[in-house]
Enquirer: 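Here it is, the structure in full.
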Amino acid sequence: MSSMSEDTDPSANRAAARSATASPLPNSVTFNRLELNRILNLYGRMVADGEWRDYAIDFLKDRAVFSVFRRASEVPIYRIEKDPRLARKQGMYSVISATGLILRRGHELERVLLVIDRKLAVV
């Protein structure tokens, strides 16, 4: 004799529990692999130059933010934001300074990052 009733199907219960735990997080904006690769390459060069020391990534419902810090205890010196709502207007990528001033905004991440990406110049 079984303690389970004939009405309940244990596999159905497991499937329902699995779908409840496997549901994705609420929709949030993220950087894709190419965008994150480009940002982290810039970050690595600036760390090697001794200019930047720490970073934080926030994936919010309306935008993704990559914050760059000179020291971990400070406010971010730059924020690289991706806001898809602005994709058809000014461009979804922007670089914002510590004071909140938008340094550059555009449709291509590569061009937007040029405002903080100081290449080596031949002197």
Enquirer: Would you give the length of the straight line joining atom CG of L34 to atom CG of N37, rounded to the nearest 0.5 angstrom?
Expert: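 One finds 7.0 Å between CG of L34 and CG of N37.
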
Enquirer: Could you give the distance from CZ (R63) to OG (S28), rounded to the nearest 0.5 Å?
Expert: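 Rounded to the nearest 0.5 Å, the CZ-OG separation comes out at 12.5 Å.
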
Enquirer: When you measure from the side chain of H107 to the backbone of M92, do you find a donor-acceptor pair of N or O atoms at a distance under 3.5 Å?
Expert: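 Absent.
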
Enquirer: Picking from T30, V65, L36, what satisfies side chain to side chain contact (heavy atoms under 4.5 Å, CB included) with I57?
Expert: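 Result: among T30, V65, L36, L36 is the only option passing the side chain to side chain contact (heavy atoms under 4.5 Å, CB included) with I57.
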
Enquirer: Nearest heavy-atom pair of A64 and V29: which atoms, and what distance?
Expert: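 Nearest pair, atom of A64 first, then V29: CB-O, 3.5 Å.
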
Enquirer: Enter the distance from I96:CD1 to Y78:OH here, rounded to the nearest 0.5 Å.
Expert: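 I96 CD1 to Y78 OH: 12.5 Å, rounded to 0.5 Å.
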
Enquirer: Set out, in order, the CA-CA distance, both residues' side-chain angles and the distance that settles side chain to side chain contact (heavy atoms under 4.5 Å, CB included) for E35 and K82, then state yes or no.
Expert: CA-CA 10 Å; E35 295 164 342; K82 176 182 178 180; 3.0 Å; yes

Enquirer: Could you check whether R38 pairs with D117 (Lys NZ or Arg NE/NH1/NH2 to Asp/Glu carboxylate O, under 4.0 Å)?
Expert: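 Salt bridge present between R38 and D117.
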
Enquirer: Angle class for the F66/Y55 ring planes (parallel below 30°, perpendicular above 60°, tilted otherwise)?
Expert: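 It falls in the parallel class, under 30°.
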
Enquirer: Are the side chains of R79 and V95 in touch, meaning some heavy atoms are under 4.5 Å apart?
Expert: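 When only atoms from C-beta onward are counted, V95 and R79 do not touch, as no gap falls below 4.5 Å.
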
Enquirer: Mind checking what makes side-chain contact (heavy atoms from CB on, under 4.5 Å) contact with L86, not counting sequence neighbours?
Expert: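 For L86 the side-chain contact (heavy atoms from CB on, under 4.5 Å) partners, ignoring immediate neighbours, are D83, K89, Q90, R105.
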
Enquirer: Are L109 and F59 co-members of a hydrophobic cluster defined by side-chain heavy atoms under 4.5 Å apart?
Expert: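 Shared cluster, yes.
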
Enquirer: Apply side chain to side chain contact (heavy atoms under 4.5 Å, CB included) to the pair V75 and F69, showing each step before the final yes or no.
Expert: CA-CA 7 Å; V75 296; F69 299 87; 5.6 Å; no

Enquirer: Considering residues at least two apart in sequence or located in another chain, which fulfil the side-chain contact (heavy atoms from CB on, under 4.5 Å) criterion with L101?
Expert: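 Expected list: S97, T99, L103.
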
Enquirer: Just wondering, do V112 and I80 contact through their side chains at under 4.5 Å, heavy atoms?
Expert: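 Counting from C-beta outward, I80 and V112 never come under 4.5 Å.
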
Enquirer: What's the shortest heavy-atom distance between A98 and P76, and which atoms?
Expert: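 Nearest heavy atoms, A98 then P76: CB-O, 3.3 Å.
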
Enquirer: A side-chain contact here means heavy atoms from C-beta on lying under 4.5 Å apart; do K61 and N27 qualify?
Expert: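 No, too far: nothing below the 4.5 Å cut-off.
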
Enquirer: Under 4.5 Å between any side-chain heavy atoms of L114 and R104, yes or no?
Expert: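 With C-beta onward as the side chain, the pair touches.
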
Enquirer: Do L40 and F31 make a side-chain contact, defined as non-hydrogen atoms from C-beta onward lying under 4.5 Å apart?
Expert: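 Side-chain contact under 4.5 Å: no.
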
Enquirer: Decide whether M46 and V115 are clustered together by the hydrophobic rule: side chain heavy atoms of Ile, Leu, Val, Met, Phe, Trp, Tyr closer than 4.5 Å, transitively.
Expert: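 The answer is yes; both residues are in one hydrophobic cluster.
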
